Amino acid sequence: MARVDMRKLGVVFKREYLERVRSKWFLIVTLLGPVFFGTITVLPTVIAARTQSSTDMANIAIIDASGMGMGDRIAAALKQAYPLSPNADVRAVAADAVPREEDRALLQVQHKELRGYLVLDSSTVAGRSAHYAGRNAGSLGDVGALGAIVRQQVLAQRLTNEGLDANRVARLTGVRLDLVTEKVGDQGREKGSGLGAVAVGYLIAFLLYMMIIIYGQMILRGVMEEKTTRVAEVVVSSVSTDTLLAGKVLGVGAVALTQVLAWLGLSFAMATYLVPMLLTRLAGPGAAGGPTSAAAVMAALPSLSLGSGLAMLGFFLLGFIFYSSLFAAVGAMVNSQEDAQQAAMPVMLLLVSSIVFMTPILTQPNSSFARVMTVIPFSAPILMPMRMILVSVPWYEVAGSLVGVGLAALVAIWLSARIYRVGLLMYGKRPSFAELARWVRYAG
Amino acid sequence: MPDYAIDIRNVGKRYAAHVAVRDLSLQVPRGSVYGLLGPNGAGKTTTIRMILNIIVPDTGTISLFGQPHLTSGATDRIGYLPEERGLYKKMQVRRVLRFLAELKGVPGKVAEQRIEEWLERFQLKTPEKDWGLAKIDELSRGMQQKVQFIGTLLHDPDLVILDEPFSGLDPINAQALKDTIVELKARGKTVIFSTHLMDNAERLCDAVCIIAHGDKVLDGMVSDVKASAGTRTVALDVGGEHRASIAAILADRALVGRVDDQNRFYEIELAAGADPQQLLRRVYETGAPIHRFELMQPSLHQIFLEKVGATGVEEGMSGQG
């Protein structure tokens, strides 16, 4: 980029930055962002906690063809777990009567007299399978809870069959266990629970994705505005297109960075002052644990070394430059909003494909698939920071990935600068790929 | 060596399908008003864009005030008003102007002061209303044109390039533009404008260059161009009722090349080798009263017609250059 004039770059940068930061929308979004993010992260948790299992879970029919009273055991366990629910209706039948009994139960479920029905047979006693059909069969919480109870009671039944005393069986099988998790890194134990890391990792990847998509498209619109209003012609008579493009990408990037930093600051302030206050209010004055639960939330967040923090900033900046220069090239190609949507599709697909693979990597952050996706330049800026929070990634993988994204950004800048130079003053129909290739070749 | 504001030597630019400018050389004397004339697609805008370093020529060199135009800061001495005008719609007038001035290297403080002067001068800032605080898209079309023009002149350029400045202007604003061009020249600035309106060019320009289809057709001082075209044109008025009596003379191809009926008089282009005195004698012999018989210098319009051809003009009249 030999044609970048630093002084003029500053002038362009200043305009791009100030005009956007001064706008009403920027202020509104920046102030409301943390509230929005807080809501979308907290709300699902609250809803999940509330709907862990339905209160009338035991309102089911148990069609028991086991021939050893397992239905009664399960009904008793359900009664214990859900004391408020109507009792389960145990129907002990012969194995060949199961289909008829199922039909009857099905009708009752359809008429909302029952929530569902559970079928126990010889394969249940053998520890292989049980069958449940019901309105709540799609609820992970309900199915999980029911499965745990059935499993526990099958175990108890089998122990009893082996001749163990009923009281001892009850004592031995009555296990309620919470698994407390902890993440280990190169420096040993790390602060924060594994689940906290998942939440933060998810949030970071989503945030990066959102910032790139929102601000990348902002650059696209900015370029298109300059082109369609013909301001571009005046501006490029004073400043080279390379300088203009660089000033634009950096200026808008700085706006995005400002917003993220403001969000972090506001979120931190909210977590420290607002949340404890709300918790105390909700729990009532004098309730113990109000303020400390906020501290517990903070403690659950994963720790981040300075190096990782800087690497993440690097991923954000390089990824932003990569995508926004591509968006700028698209803006220079088109003359209308409709054209822009179509022409931006390839870039959008790259972005969306990174976010689509988020969940597999979230659950298996050390798989070879995760390794590959966090090194490929177009998905690395979004997925690598997430993976770094979930597991400890070797430094050479992080460095290699950063270099890759950096190189990809350089290629994108080179390509975009050429398309931009020609396209900015080219009015008329959207270029074909052959014409684009010609633009890239001709732009000297 | 004469003092040129712009010195273009053997510049060519071709695109995939066609040649935009072919081996063009032209010199613009410093302190002159220079017209770049030509029909649509002649290469005027391409030439201007090459001067401004927006487009890189394939061949040839361009110098601004004796320096290569690629010299850092060279184009900062140019003020440019493109044919297609436009400004950032959502931006405040003062901020747009300040941005344009700063891009040309004017310090912010100086720019602010000049903006106030210009806004007052163009009645965009009056005691009742300060349009400088409005956003561009709140301004009328005419006011936006004024703002754009201020943006062109804000950095006090030594060379002002106006691409089709008269298109779309009402008579009052056209007059204001002419006054401004004359004033710029009086202050020693060089003004180049492209146009297909020959009347404007003839009245305003010290020198012109006519280009068509990427080639230079002719260039030079307007007085020289007209003198070299010779006085082959006669204005003849015999009064309405006697027009029929000279019809035969006008039809004589040995004497008259072409007749342009201007309603109150005939504009007659003599045939090659014909003597104007013979035409006068022939008309006198018919007995028709001669109200006017004048040997005229051809207008730029006629020279243009002769050199470029009528088809070129019709295209040129339709708009962009």
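A quick note: this is a predicted structure, and the numbers were derived from the prediction, not measured. Proteins come first, then strands; the chains are lettered A, B, ... in the order of their sequence lines, and each starts at number 1.
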*Which region of Val239(A), side chain (C-beta onward) or backbone (N, CA, C, O), has a non-hydrogen atom less than 4.5 Å from a non-hydrogen atom of chain B, or is it both or neither?*
side chain

Answer whether the closest heavy-atom distance between the side chains of [X] and [Y] falls below 4.5 Å.
X         : Y         : result
Asp76(B)  : Lys8(A)   : yes
Lys14(A)  : Arg98(B)  : yes
Arg95(B)  : Glu19(A)  : yes
Val234(A) : Leu103(B) : no

_Heavy-atom closest pair, residues Gly105(B) and Arg7(A)_ = CA-NH1, 3.4 Å

*Would you please say whether a donor-acceptor pair under 3.5 Å links the side chains of Glu226(A) and Tyr88(B)?*
yes

*Please indicate whether Lys178(B) has more than 12 foreign heavy atoms, meaning atoms of other residues, nucleotides or ligands, lying under 6.0 Å from its NZ.*
yes

*Is Met210(A) atom CE crowded by more than 12 heavy atoms from other residues, nucleotides or ligands, each under 6.0 Å away?*
yes

_Atom pair CZ/CG of Arg230(A) and Leu87(B) - distance to nearest 0.5 Å_ = 13.5 Å

_Spatial distance of atom CG (Leu81(B)) from atom OG (Ser237(A)) [nearest 0.5 Å]_ = 10.0 Å

*Charged N to carboxylate O under 4.0 angstrom, Arg15(A) versus Glu102(B)?*
no

*Contact leader toward chain B among Val12(A), Thr229(A), Leu18(A), Leu424(A), where contacts are heavy-atom pairs under 4.5 Å*: Thr229(A)

